[in-house]
Amino acid sequence: MATSKGFHDHVVECLQRVGEISTRKMMGEYCVYHKGKLIGDICDNCLLLKPTESVLRLMPDAQRAYPYEGSKTLMVMVEDVEDTDLMARVLEAMFKELPEPKKKAKAKEKAKPKKDAGPEEKTAPTSG
């Protein structure tokens with residue numbers, strides 16, 4: 001079941017009270033970012049966070065769930081996204097733990113044609 005727009009908007013509104021939040025829609029669900037770092041997903045009308053050390057420490061009794069069938073990452077379910085005190089502590093702790101996002105190649109660099117890696121073909125001068 002895809003996440004409803006209403007649930008997505010509610011989660012984003014709650015999280016934006018405590019941090020810089022953005023989302024990206026993917027196959028009916030959403031990836032959730034805090035200050036540009038991927039922190040979790042909104043799937044099946046549920047907010048799931050990456051199971052970082054800080055999330056597991058701050059939310060020790062939270063249920064766990066896979067974001068989609070076939071996923072290898074058992075994520076942490078957020079039951080009360082409206083708990084701004086907890087969400088502020090979780091987001092800041094996660095931000096410190098998670099790696100910086102990888103830089104994407106600029107459009108110009110992607111458009112450059114690749115040079116032939118082989119040796120240049122030379123022709124011998126002809127005598128004539």
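Computation of the quantities below employed the complete heavy-atom set of this structure, encompassing side-chain atoms and omitting hydrogens, waters and symmetry-equivalent molecules.
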Determine, stepwise, if the pair H10 / I42 fulfils side-chain contact (heavy atoms from CB on, under 4.5 Å). CA-CA 11 Å; H10 175 69; I42 302 173; over 6 Å; no
Nearest atoms (heavy-atom pairs only) where [X] meets [Y]:
X: P67; Y: T73; answer: CD-O, 3.3 Å
X: V81; Y: L15; answer: CG2-CD2, 3.9 Å
X: K50; Y: V55; answer: O-CG2, 3.5 Å
X: H34; Y: L91; answer: CD2-O, 3.5 Å
X: D44; Y: A2; answer: OD1-N, 4.3 Å
X: P101; Y: G36; answer: CG-O, 3.4 Å

[X] and [Y]: same hydrophobic cluster, using ILVMFWY side-chain contacts below 4.5 Å?
X: F95; Y: L49; result: no
X: L38; Y: V18; result: no
X: V78; Y: L98; result: yes
X: L58; Y: L56; result: yes
X: V90; Y: V12; result: no

Full working for side-chain contact (heavy atoms from CB on, under 4.5 Å) between L74 and Y66: CA-CA 5 Å; L74 189 59; Y66 290 102; 3.6 Å; yes
Which residue is it: M75, E29, Q63? I am looking for the one with a side-chain contact (heavy atoms from CB on, under 4.5 Å) to L48. M75
Answer yes when K35 and E92 have at least one side-chain N-carboxylate O distance shorter than 4.0 Å, and no when they do not. yes
Give, for atom CD of E79 and atom SG of C46, the distance between the pair rounded to the nearest 0.5 Å. 8.5 Å
Working to the nearest 0.5 Å, report the span between OG1 of T52 and CE of M94. 4.5 Å
Before you tell me yes or no, could you show the steps for L47 and M77 under side-chain contact (heavy atoms from CB on, under 4.5 Å), namely the whole-Å CA-CA distance, both residues' side-chain angles and the distance that decides it to 0.1 Å? CA-CA 6 Å; L47 174 61; M77 294 176 65; over 6 Å; no
CA sep, side-chain torsions, deciding dist, call: L86, M59, side-chain contact (heavy atoms from CB on, under 4.5 Å): CA-CA 9 Å; L86 176 62; M59 302 173 66; 4.3 Å; yes
Ignoring hydrogens and geometry, is there a side-chain-to-backbone donor-acceptor pair from T23 to C31 under 3.5 Å? no
Is any side-chain heavy atom of P51 closer than 4.5 Å to one of R64? yes
